[in-house]
Undergrad: 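The structure follows.
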Amino acid sequence: MTEAFIIASLFFGMGVLMVPLAKKFNLGSVLGYLIAGAIVGILLTLVTPLLGMDSAHLLEQLNHASEFGVVLMLFIIGLEMQPSHLWKMKNTILNAGGLQVGLTALLMMLIAMYGFHLPWQTGLAIGLVLALSSTAIIMSTLAEKGWQNTIGGQATFAALLFQDIAVIPIIAVIPLLVVGAPTEALHAGHGINLTAHLPTWLKPLVVLGAIVLVYIISRYVINPLFDYIARARQKEIFTTAALGLVTTIAALMSLLGLSPALGVFIAGVILSESEYRHELEADIEPFKGLLLGVFFMTVGAAFNFALFAEQYVLIIGLTLLLIVTKILVLYVVGKILKLKKIEHALFCLALAQGGEFAFVLLTLAVGQSVIDTALADTLRIVVALSMALTPLLFLLYEKVILPKQVNSGKETREADPINENNQVIIAGVGRFGQIVGRLLQYNQFSITALDDDPNRIEMLRKYGWKVFFGDAMRMDLLKSAGIDQAKCMVIAMDDSGKVLQLAEYLTKHHPKLELFVRAKDRIVAYHLHQLGIKHIYRETFESSASMGEAVLRSLGLRAYQAKRSKLRYQLEDERLVREMAKSYFDKDEKVFALNVQEQLDSLGKVLSNDQHIKQHRLNNDTGWDESSLIDDLGHKDRY
Amino acid sequence: MNKVLVLFAHPVFQTSLVNKTLLSAIPESEHITFHDLYEAYPNFLIDVQHEQQLLNDHDVIVFQHPLYWFSCPAILKEWMDLVLEHGYAYGTEGKALEGKIFVSAISTGGDVANYKGDRNIRDLLKPFEFTAKLCNMPYLPPFITYGGLKIKAGNFDQNLTHEYLSLQAERYRYLLTELVKGTVCEQDCEAYSTMNQRFDHLELQND
């Protein structure tokens with residue numbers, strides 16, 4: 001147990017150290033994990049002999065555990081693929097992905113066969129393994145740069161989607177590529193196999209049966225089961241059930257001698273139309289992230305540095321060969337897809353590396369004796385190296401190709417400078433800030449928005465919004481959003497704590513900036529008043545008052561009477577908030593107490609004030625009320 | 001048959017006995033459109049296109065409102081500012097309202113006695129008359145219902161009040177019917193400073 005803790009701490013510690021560092025240098029988290037793993041690998045070879053442990057054995061065990069991460073990843077990929085959505089994209093996916101994977105695999109196979117004299121089976125396996133690119137690196141980079149919705153980004157995404165799906169048949173095909181006689185290694189990876197002794201003709205039927213079974217489970221058992229669990233309102237049990245579902249299907253598939261990844265992928269696709277899709281995804285995502293991280297680190301730890309030192313000329317040569325071959329194929333595919341210059345360049349450079357699936361598939365291929373261990377070790381280093389070079393290719397695109405194309409005058413769509421220096425910055429463009437932004441744009445004001453929901457950002461960017469991804473609490477982000485030049489700042493995030501924090505920070509450090517702040521409720525409004533904010537908007541105040549106005553109309557009040565009553569009520573209530581804000585902070589010194597009793601106290605004050613208004617007939621427009629005039633008139637005939 | 005549009009503006013209609021009575025006198029007719037401005041635009045966000053279309057679709061425009069500070073309630077002023085725009089209602093190109101009849105139906109707080117001499121009601125309403133002229137609209141003498149305050153104060157004898165209000169209602173109904181039929185024109189009214197005088201005269205003849 002002690003050893004396990006030591007190793008886990010090493011891995012986690014290194015991961016925590018390296019991943020943020022890698023992100024900082026624009027290298028992406030996958031690379032961070034690989035580097036962290038490589039460092040742990042070196043440390044382990046130094047430390048374990050001292051502790052009397054066998055580092056290779058430990059790593060192998062860890063690797064098995066972390067392969068579960070890959071299974072979870074495939075489940076989530078399945079979940080994200082709604083059949084209906086896939087069907088809409090089918091042409092792009094087939095054209096971009098099919099051509100890319102097919103041509104790359106073929107070319108690689110030919111190189112392996114004629115350049116390195118390998119048997120065709122091994123060549124094909126290598127070709128298929130290397131044809132895949134790194135979804136993790138590419139998608140996160142595209143999202144970071146805001147390129148997902150450019151035509152080039154879309155084509156890249158389509159190719160990646162095809163690759164993700166293609167992994168499944170590749171996993172199925174690799175065991176068939178055994179060189180020479182099949183060995184016991186066929187099911188070495190899975191241990192127990194119930195179908196091993198079945199006649200060959202029966203196996204496809206068993207496979208079909210298993211898939212039908214997975215379909216039936218996903219379709220008819222999962223929803224009622226989750227309904228039942230959801231009613232118990234126990235978050236952990238739901239998570240347990242989600243993980244249990246994945247392990248059950250994976251186990252079933254393993255028992256039948258099939259790839260567990262294939263099984264959970266199918267289950268994922270079937271469940272992608274289920275109402276529990278987002279729940280499942282959210283529950284499994286953290287485990288996937290953690291285990292995938294560990295998986296990448298074990299891959300890193302298994303790097304054979306001795307081998308690299310020995311063959312660095314060959315390895316670097318092969319890496320360049322891989323990248324150049326991929327770029328060539330992508331160039332041809334891009335031509336066939338009729339991509340324009342900038343889009344074409346992005347497509348070629350983005351997809352030009354090996355992917356994380358290569359590590360999975362290489363492990364599988366070694367297990368099935370399709371590729372020998374030494375070759376697989378070399379290829380692992382080549383793939384990792386090509387992934388490490390990807391950020392450089394993106395940099396080449398961003399700093400050299402993009403500016404050049406933009407300066408030549410045409411196709412300037414995505415060439416907006418990052419700092420627009422808009423007069424208005426909106427922090428949080430969810431259901432609240434979005435409306436503010438739309439009204440401003442309706443009036444031809446361009447705005448800069450900050451938000452931390454990638455899906456929302458994607459949608460808004462599609463419609464020409466300038467949205468920065470990230471937490472508005474980050475000063476560097478505020479700076480690059482142009483906080484120093486802005487005139488107005490709208491603070492409309494969902495999280496009241498963040499709203500108050502940001503409002504406080506900005507009143508202190510940017511006193512000239514005019515702040516418009518969303519307040520979730522009265523108490524938040526008190527705090528904002530305390531900060532001296534002038535423009536405070538309680539989020540439900542306007543719409544519920546408007547609803548009250550509409551109800552008044554239904555009850556027979558004249559439209560204008562109802563309108564004025566509503567406006568007066570609002571003014572009075574706002575006055576009351578200002579007044580109560582003062583006493584709220586005078587009363588005692590606790591600053592962030594938002595407890596129920598205080599909410600109730602404050603409601604009580606509001607209601608008694610309403611009674612005061614009713615009693616003193618403050619709800620009247622006395623200018624139009626002739627009663628005093630009539631009194632004045634008396635019985636004289638003066639008027 | 002003329003199409004008649006009654007543009008009604010009263011911010012506190014719920015308190016006005018006079019205007020309730022007058023509104024109930026408006027005949028149910030496919031030729032008469034009733035349009036309540038405060039009810040339609042409590043936000044004062046007047047739909048100019050819609051309003052101009054309404055004007056285009058009618059031949060007679062009746063402006064029914066109380067007299068506030070010798071003028072109309074705020075929304076009607078806003079309506080005039082926005083709807084009677086240059087190029088539509090007036091100006092070399094602005095001929096949309098040419099020939100359509102302009103007539104005011106006014107309720108006042110004060111008595112008839114309060115609108116004599118230098119406070120002559122016809123003179124007080126000059127701004128509306130000039131507006132009509134600028135829009136090339138024939139202007140009929142205003143139809144006035146006096147004494148709103150006294151009616152409210154109950155200063156009149158109940159019977160008298162009832163009698164006065166039903167007379168006014170009947171005259172308003174008659175006026176609107178005439179307007180639909182097109183049996184009243186600017187020339188016929190030249191002799192009268194108010195529509196009330198014309199009715200007094202007509203009723204005298206009938207008696």
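As the structure is a prediction and not an experimental result, all values here were calculated from the model.
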Undergrad: Using a heavy-atom distance cut-off of less than 4.5 Å, which residues of residues 40-57 of chain B contact chain A?
TA: B:Pro42, B:Asn43, B:Phe44
Undergrad: Are more than 12 heavy atoms, taken from residues, nucleotides or ligands other than A:Tyr505, located less than 6.0 Å from that residue's OH atom?
TA: yes
Undergrad: Do other residues, nucleotides or ligands put more than 12 heavy atoms under 6.0 Å from B:Glu170 CD?
TA: no
Undergrad: Among residues 30-38 of chain B, which ones touch chain A with a heavy-atom distance under 4.5 Å?
TA: B:Asp36, B:Tyr38
Undergrad: So does B:Tyr174 have more than 12 non-hydrogen atoms from other groups sitting under 6.0 Å from OH?
TA: no
Undergrad: Do B:Glu39 and A:Arg553 pass the side-chain contact (heavy atoms from CB on, under 4.5 Å) test, and can you show the C-alpha distance, the side-chain angles, and the key distance before you say yes or no?
TA: CA-CA 10 Å; B:Glu39 199 64 10; A:Arg553 282 186 72 168; 3.9 Å; yes
Undergrad: Quick check: are there more than 12 heavy atoms from other residues, nucleotides or ligands sitting under 6.0 Å from NZ of B:Lys77?
TA: no
Undergrad: Using a cut-off of 6.0 Å, state whether more than 12 heavy atoms not belonging to A:Lys534 lie near its atom NZ.
TA: no
Undergrad: Residues of residues 60-73 of chain B under 4.5 Å from chain A (heavy atom pairs)?
TA: B:Tyr68
Undergrad: Sequence neighbours left out, what passes side-chain hydrogen bond (donor to acceptor under 3.5 Å, both in side chains) with B:Lys3? Give chain and number order.
TA: none
